[in-house]
Amino acid sequence: MNNFTENESTLVKVNIINPDQGIQNTEKIVKETLKVYLNPEGKNLISGVSNTIGIQVKDCNNNTPINLEATIQNSKGEALQTVKLNNFGFGKFHTIPTTEVLTVAVKYEDKIIENNLPPANLIGVAIEASSFMLDNKTKIKVKTNKSSFNSLQFRGLNLVIHQDQNFIVEPLNINPNNLEQIIVVNNTGLNPGINTIRIIDNELKQWSERQIYISPITKNNYDVIKNNQQGNIIKLAAFSNSTNNMISISVLPVETKSIDDNNSIIAGLTINPYLKTSLLNSNYYLNDVNRLKYYELDLALLNQESLKYDWDYMKLQPPTAHYTFDIGINLKGTVANPLKSKSFHKVKLVSSKEFITASADVTENGTFEFQNLLLTDSTYVNLSLHKQPNFEYVDAKLALQVVNRKKLYNKVFTGLIKKNCNLENDTIKTVNLDLPYFKEKAIQLKEVVSKNKKKQLTHINILSNRMLRGHKIDSTNNSSRILNFIEQNGFMVDRTIGKINIYSRLPQLSVGPPPTPIVYIDDRQLYFDYYELEFLKMDELDEIYINALAIVAGGNNNLGIIRIYTKKQQNTHSKKSNPNSFFVKDAFSKSSTFQNLEYENASSNGFNNFGTINWFTKTISDSNGNFTFDILDYNKKNCKIIIEGMTTDGQIFHEEKVVQLK
């Protein structure tokens, strides 16, 4: 991102609500700030030919009254035509500009808002584009006048359609007998999402520009049904014709108010990166799509006041690769020992936590470097020096540092600029806002102390450990590995290359993997898998608390709890296997899973407004396109499920379903 002059930062607005004050009403129309914006298609108005003019009405908060109508008037105030604006304040009309000044007027309550059409250019090229009227085809009409033809015939004109590095160039053949040309392009030749159309002559001067949206062809059409229920766990099954997808699933009350209609994974990845300002109301355009919605989305693109990427600026300031891409981290080190024939030596790196083994050559200066390592933060790596050709171990002192994890971002953070809106309207609050209530913190009872001569369990007084069976690790049970101990105490351990899984031994009543336990090491919960346990020996441990039948609240298919406490003088992160073991603290953040809160009352309006039934950040559908997931029974007749993600070939999808639970 540092290589580009444009600021590609992502700014996300978050509403923080004080329940005592309510939430600000930013949807109220600030009438005094309403304006009419006129946007010629192609960003220019050409004299003597039919031009398309976009209309937008909005206030300083980007709000628009509904049921507006725009009137196009001549210099005498006579109405030439009227245009009905949609609920987002967009519309368009066609006109052939002359020397007469036209006015667009919109009435809202007792206020008349007007704007004059800008003067037309005598020389130029107009375009009219549609990517939704013809099935899987984009139609582009290029128009000019006779004066422009006489000026442009020796420069040559080209139609350019591009997205990122993909582009199509089509020479135009406008002649004096037909100053209009129609080009039809197959949408399969264009990238899904935003594509930019430009009319450029052979001297690279731009005459017109326009953005269109190409809808992805892939349709996932997920069907979600209730499979069965076991106690307070509801099991849901999803089916699709697309296999091995990466999926995120949000399960919410049907009445939820927490969905932001301006945030969509499709808009976020295929539309907003190409716009100067993010597309408002994106879920409206992209959910349950049809030709009318594509027309309205095209109106929104037509009415952009300016495009994000300026052609003339890009010609003068092409991106230059002064900064490298952040693909992993780089570790650079030196060999302290004097060596002969340094080029015959290699440094070996091993990260048992990340299952990484790599080697690097030693230069004549005694340095070495490992590039593009995918390490998580607070990871130990072990280094060793070896001599070729037999890779013999060499006793040496090695030094190491991270060299590329503190790059400065060269764009200034400006925040979200507050427009000069009517402050009195900004302070209108909705008091008595219904928010969910959460359960109070558990109150710990006084412990019962039992005095005897046996060695006491030091962590038994922790409230969550009292329902578990505690084991003090001493010389009688410290000769094996922790995974063997877990297998002997009610769990199954599945060892595969690069991954450790632990499952309950209880028989399964439904299709799917058996339940997994919650595992802690020194009160730090392990997520995703239990790779750390593979290298943990019993002689490193102080105590273990375990219960294979402990019920775990939540909808993540958990059963059983394992709490492991290491000896104070050592743990899995601090124990070094050799002097050349290094702690990497500037690596990538650890992945974390969503953990729902406990609600006091799931039938309240607050829970219905802003409660979360569950959220699954990452699920992968199987080879048949199916997947299952579990939720807690909150006694709801139905729920809203949002499924979004990416297919194996990079297609983005977003779907919303209402699923019956009772």
Side-chain angles (χ1 to χ4, degrees), residues 220-240 242 245-259 287 436-439 501-518 525 527-528 547-561 593-622 624-645 653-662:
N220 288 280
N221 298 321
Y222 275 101
D223 292 319
V224 183
I225 62 171
K226 177 182 177 181
N227 194 8
N228 59 62
Q229 183 165 351
Q230 298 178 7
N232 64 341
I233 301 298
I234 298 175
K235 295 185 174 294
L236 300 172
F239 310 91
S240 172
S242 185
N245 291 342
M246 188 79 70
I247 304 160
S248 168
I249 310 153
S250 301
V251 188
L252 305 168
V254 172
E255 305 91 336
T256 184
K257 296 180 180 178
S258 62
I259 298 176
N287 288 347
Y437 291 96
F438 304 103
K439 286 188 176 181
N501 286 315
I502 302 174
Y503 299 110
S504 169
R505 288 188 181 275
L506 290 181
Q508 280 297 97
L509 300 178
S510 62
V511 178
T516 58
I518 301 292
Q525 185 175 345
Y527 295 105
F528 298 114
N547 186 345
L549 302 178
I551 303 298
V552 180
N556 294 325
N557 196 27
N558 295 130
L559 178 64
I561 298 175
T593 57
F594 170 74
Q595 294 225 336
N596 207 355
L597 295 172
E598 291 190 54
Y599 297 94
E600 185 179 271
N601 186 357
S603 61
S604 66
N605 290 333
F607 180 84
N608 293 335
N609 290 341
F610 299 105
T612 301
I613 296 176
N614 214 331
W615 178 36
F616 304 90
T617 56
K618 187 174 75 171
T619 301
I620 300 178
S621 61
D622 62 21
N624 295 318
N626 309 326
F627 62 92
T628 60
F629 55 100
D630 300 343
I631 62 173
L632 273 179
D633 184 3
Y634 285 97
N635 197 29
K636 298 294 180 183
K637 292 183 179 179
N638 42 42
C639 66
K640 173 168 282 192
I641 296 182
I642 301 174
I643 301 174
E644 56 185 18
F653 57 87
H654 174 105
E655 296 185 30
E656 297 183 11
K657 306 284 184 182
V658 174
V659 178
Q660 186 174 348
L661 301 178
K662 299 292 183 180

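Predicted, not measured: the structure shown is a model, and the values here were computed from it.
Not a single ring pair (Phe, Tyr, Trp, His ring centres under 6.0 Å) links Tyr503 to another residue, sequence neighbours left out.
Between Ile225 and Phe239, the closest side-chain pair of non-hydrogen atoms falls below 4.5 Å. Residues Pro436 and Asn609 fail the side-chain proximity criterion, which asks for heavy atoms closer than 4.5 Å. Lys662 places a side-chain heavy atom less than 4.5 Å from the side chain of Asn635. In this structure, the side chains of Lys226 and Gln660 stay at 4.5 Å or more apart for every pair of heavy atoms. Put simply, the side chain of Tyr634 does not reach to within 4.5 Å of the side chain of Asn614, judged on heavy atoms. Looking at Val224 and Ile249, their side chains never come closer than 4.5 Å, going by heavy atoms from C-beta outward.
Atom-to-atom distance recorded for Thr619:OG1 and Ile247:CD1 is 6.5 Å, nearest 0.5 angstrom. Rounded to the nearest 0.5 angstrom, Ile259 CD1 and Ile642 CD1 are separated by 3.5 Å. Separation of atoms CG (Asp630) and CG (Asn228) is listed at 8.5 Å; rounding is to 0.5 Å. To the nearest 0.5 angstrom, Ser621 atom OG is 10.5 Å from Ile643 atom CD1. The distance from the CG atom of Leu632 to the CD1 atom of Ile234 is 8.5 Å, given to the nearest 0.5 Å. Going from atom CG of Leu252 over to atom CZ of Phe610 covers 11.5 Å, rounded to the nearest 0.5 Å.
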Apply side chain to side chain contact (heavy atoms under 4.5 Å, CB included) to the pair Ser240 and Phe627, showing each step before the final yes or no.
-> CA-CA 9 Å; Ser240 172; Phe627 62 92; over 6 Å; no
Check against side chain to side chain contact (heavy atoms under 4.5 Å, CB included), Thr516 and Asn501 = CA-CA 8 Å; Thr516 58; Asn501 286 315; over 6 Å; no
Please walk me through it: do Lys235 and Thr628 pass side chain to side chain contact (heavy atoms under 4.5 Å, CB included)?
-> CA-CA 7 Å; Lys235 295 185 174 294; Thr628 60; over 6 Å; no
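Under the 3.5 Å distance criterion, the side-chain polar atoms of Glu655 are matched with a main-chain donor or acceptor of Tyr222. For Gln229 (side chain) and Gly231 (main-chain N/O), a donor-acceptor pair under 3.5 Å exists by modelled atom type. A donor-acceptor contact shorter than 3.5 Å is absent between the side chain of Asn638 and the backbone of Val659. Judged by distance alone, the side chain of Asp622 and the main-chain N or O of Asn624 form a donor-acceptor pair under 3.5 Å. Not one N or O on the side chain of Lys657 forms a donor-acceptor pair closer than 3.5 Å with the backbone of Ile641. Panel note: side chain Lys636, backbone Ala602; a donor-acceptor pair is recorded below 3.5 Å.
In this structure, Phe607 and Tyr599 have perpendicular ring planes: the angle between them is above 60°, well past the 30° mark.
For the pair Ser504 and Leu559, the tightest heavy-atom approach, listed with the atom from each and the gap, is OG-CD2, 3.7 Å. Nearest heavy-atom pair, Val254 versus Lys640, reported as atom, atom and distance to 0.1 Å: CG2-N, 3.9 Å. Among all heavy-atom pairs drawn from Pro517 and Asn558, the shortest one is O-ND2, 4.2 Å. Pro253 and Asn608 make their closest contact through CB-O, 3.7 Å (heavy atoms, listed as atom of the first residue, atom of the second, distance).
With a 6.0 Å radius and a threshold of 12 heavy atoms from other residues, nucleotides or ligands, Tyr437 has its OH atom at or below the threshold.
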